[in-house]
Amino acid sequence: MANRLYLDHAATTPMLPQAAEAVVRGLAGWANPSSPHAEGRAARAMLESARNVLKAAYRWPGELILTSGATEAIAMALTRAQVASVLIGATEHEAVLRAAPEAVRIPVRPDGVIDLEVLGHELAVAPAPALVAIQWANSETGVIQPIAEIAEIVHAAGGKLFVDAAQMPSAWNDHPPQEVADLIAISGHKRGGPAGIGGLLVRDLALLLPTGGQERGYRGGTENVPAALGFAAATAVEEDLAAMATLRARLDSAIESLGGEIVAGHSLRAPHIASYRMPGLSAAAQLIRFDLAGIAVSAGSACSSGTMRPSHVLAHMGWEGAAAGEVVRVSFARGTTPADVERFISAWAEVARDLRFRGEAAEELL
């Protein structure tokens with residue numbers, strides 16, 4: 001589709017050429033990596049090479065269980081960790097809510113950050129040991145949680161910390177959860193790798209209940225060697241986070257100047273994810289207008305935006321009524337340029353002008 005502008009990279013991002021080339025190489029090594037013959041051993045060598053590259057990219061000293069994606073990794077952590085109770089953040093991804101429907105939910109403040117006082121209280125009364133699941137950065141708002149502080153509270157109570165880091169660049173250096181988390185879910189297609197591959201970083205395999213089969217006995221099924229190679233290749237391509245932060249700062253400023261509202265604008269946010277409210281126009285209507293202008297954005301996370309249900313994330317942050325339904329998400333990736341951001345700003349301005357014109361026309365009729 002010529003002249004389309006894609007700004008929904010938090011849902012998925014195009015596969016990088018380096019990743020696609022690695023997948024093709026993997027397809028040539030078609031043998032089952034669990035087979036003992038020469039072909040199988042060659043496939044095993046490629047798989048373990050990819051595993052080692054991924055562990056190095058995420059600076060992980062423990063084990064990596066390769067999965068079909070972050071959703072499977074999340075389910076694995078939340079249903080097979082050998083703990084007595086589970087606590088989750090109220091604004092976690094739908095995959096977490098589905099995997100742990102009975103878990104205690106820790107509220108967030110209006111800025112989207114976990115209420116640490118409530119977390120400490122709930123840990124004090126929860127059966128021990130507890131597993132606490134917290135998203136590194138919210139997939140709708142980009143709000144980054146204070147993982148180091150959370151880990152200190154969790155570990156002081158004898159618990160374990162699981163971090164959903166599907167949205168986290170592997171090169172993140174500002175207090176990375178790799179230093180303190182016990183389990184971390186990662187995703188390939190969010191980082192420029194292929195869909196259908198992810199992983200669970202595990203500090204100590206004894207924390208998980210084994211099930212037999214492949215992946216050191218923690219996951220059944222033939223390993224996806226081509227996808228693992230593609231994921232590994234994608235993590236080797238640098239993400240210019242400073243450039244993304246500059247683009248988002250420009251967009252933040254422009255949206256505010258045009259009468260829009262930044263969701264959690266004063267919170268620490270991932271540089272590539274932001275949500276904005278256009279007062280007076282529903283998110284559904286905005287998506288249609290932007291799509292007609294050749295621009296792809298979203299409302300909420302990709303797993304829920306197709307239904308256009310009210311965002312549980314915004315609700316837990318105190319957003320109510322029509323305001324919560326007037327928010328769209330914009331997300332960047334390696335290829336996003338200043339010109340892309342300016343094009344979106346122009347489209348936003350045009351939609352906002354039309355909205356004001358209709359409002360003024362309606363007032364004249366009264």
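One-based numbering along the sequence shown. On a predicted model such as this, the values are computed, not experimentally measured, just so you know.
A salt bridge does not link R334 with E238: every distance from a Lys NZ or Arg NE/NH1/NH2 to an Asp or Glu carboxylate oxygen is 4.0 Å or more. With respect to E92 and R105, no salt bridge is recorded, no charged nitrogen being found less than 4.0 Å from a carboxylate O. Between E215 and R51 there is a salt bridge, with a side-chain nitrogen of the basic residue lying less than 4.0 Å from a carboxylate oxygen of the acidic one. Electrostatic pairing of R203 and E63 does not count as a salt bridge here, judged by no charged N lying under 4.0 Å from a carboxylate O. Salt-bridge formation is not detected for the pair R269/D111: no Lys NZ or Arg NE/NH1/NH2 atom is positioned less than 4.0 Å from an Asp or Glu carboxylate oxygen. Contact check on E179 versus R59 returns no salt bridge, with no Lys/Arg side-chain nitrogen under 4.0 Å from an Asp/Glu carboxylate oxygen. The pair K160-D204 does not count as a salt bridge, with every side-chain nitrogen at least 4.0 angstrom from each carboxylate oxygen.
No path of Ile, Leu, Val, Met, Phe, Trp and Tyr side chains, each step under 4.5 Å between heavy atoms, connects I186 with V23, placing them in separate hydrophobic clusters. No continuous path of ILVMFWY side-chain contacts below 4.5 Å connects I65 to V53, so the two sit in separate hydrophobic clusters. The hydrophobic cluster containing I288 does not contain V351, counting ILVMFWY residues as joined when their side-chain heavy atoms lie under 4.5 angstrom apart, directly or transitively. Both F290 and V330 belong to a common hydrophobic cluster when Ile, Leu, Val, Met, Phe, Trp and Tyr are linked at side-chain heavy-atom distances under 4.5 angstrom. Hydrophobic cluster membership differs between V143 and M168, with clusters built from Ile, Leu, Val, Met, Phe, Trp and Tyr side chains linked at under 4.5 angstrom.
When all heavy atoms are compared, the tightest approach of G199 to A73 is O-CB, 3.4 Å. Between G40 and A31 the shortest heavy-atom distance is N-CB, 3.8 Å. When all heavy atoms of T91 and H312 are compared, the pair lying nearest together is C-NE2, 3.9 Å. The two atoms that bring P271 and W172 nearest to each other are CD-CZ3, 3.8 Å, heavy atoms only. Between A137 and G142, the shortest heavy-atom distance links the atoms CB-O, 4.0 Å. Closest of all the heavy-atom pairs between A99 and T79 is O-CG2, 3.8 Å.
Between the side chains of D340 and T337, at least one donor N or O sits under 3.5 Å from an acceptor N or O. R329 and S275 share no side-chain donor-acceptor pair at under 3.5 Å. Checked by atom type, the side-chain pair Q214/T222 shows no donor-acceptor distance below 3.5 Å. For the residue pair H93/N138, the side-chain donor-acceptor check at 3.5 Å is not satisfied.
A donor-acceptor pair under 3.5 Å is absent between the side-chain atoms of D291 and the main chain of A293, judged by distance alone. Judged purely by atom type and a 3.5 angstrom limit, S85 uses its side chain to pair as donor or acceptor with the backbone of P127. S253 places no side-chain N or O within donor-acceptor distance of the main-chain N or O of R250, the cut-off being under 3.5 Å. For R248 (side chain) and A270 (main-chain N/O), a donor-acceptor pair under 3.5 Å exists by modelled atom type. Within the 3.5 Å criterion, the main-chain N or O of G112 finds a donor-acceptor partner in the side chain of Q145. Side chain of S331 to backbone of A10: a donor-acceptor contact under 3.5 angstrom is found.
Contact of the I184 side chain with the Y58 side chain is not registered, since no non-hydrogen atoms from C-beta on lie closer than 4.5 Å. The side-chain heavy atoms of D354 and R289, taken from C-beta on, include a pair separated by under 4.5 Å. The side-chain heavy atoms of Q135 and V96, taken from C-beta on, include no pair separated by under 4.5 Å. In this structure, the side chains of T336 and F344 stay at 4.5 Å or more apart for every pair of heavy atoms. Counting only heavy atoms from C-beta outward, the side chains of V328 and S298 never approach each other to under 4.5 Å. You'll find the side chain of P36 stays beyond 4.5 Å of the side chain of R41, heavy atoms only. The shortest side-chain heavy-atom distance between K190 and H9 does not fall under the 4.5 Å cut-off. The shortest distance between side-chain heavy atoms of N32 and R44 does not fall below 4.5 Å.
Taking the six-membered ring for Trp and thresholds of 30 and 60 degrees, H272 and W136 have nearly parallel ring planes, at less than 30 degrees apart. Using cut-offs of 30° and 60° on the angle between ring planes, the pair W348 and Y276 is perpendicular.
Counting non-hydrogen atoms of neighbouring residues, nucleotides and ligands closer than 6.0 angstrom, the NE2 atom of H37 exceeds 12 such neighbours. Counting non-hydrogen atoms of neighbouring residues, nucleotides and ligands closer than 6.0 angstrom, the CD atom of E152 reaches no more than 12 such neighbours.
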Next on the checklist: Run the side chain to side chain contact (heavy atoms under 4.5 Å, CB included) test on I134 and I114 for me, step by step, so that the C-alpha distance in whole Å, both residues' side-chain angles and the decisive distance to 0.1 Å come before the verdict.
Outcome noted: CA-CA 9 Å; I134 301 293; I114 287 290; 3.8 Å; yes
Checklist entry - Are E21 and R25 close enough, and set up right, to give a side chain to side chain contact (heavy atoms under 4.5 Å, CB included), and what steps lead you there? => result CA-CA 6 Å; E21 292 170 4; R25 290 197 301 272; 4.1 Å; yes
Next on the checklist: side chain to side chain contact (heavy atoms under 4.5 Å, CB included), that's the test. Do T211 and Y218 meet it? Break it down for me.
Outcome noted: CA-CA 5 Å; T211 59; Y218 288 86; 5.5 Å; no
Checklist entry - For L161 and L183, what are the C-alpha separation, side-chain angles and deciding distance, and is it a side chain to side chain contact (heavy atoms under 4.5 Å, CB included)? => result CA-CA 6 Å; L161 177 62; L183 299 161; over 6 Å; no
Item to check | Criterion side-chain hydrogen bond (donor to acceptor under 3.5 Å, both in side chains) on S282 and E326, from CA distance to verdict | outcome: CA-CA 4 Å; S282 71; E326 297 170 346; over 6 Å; no
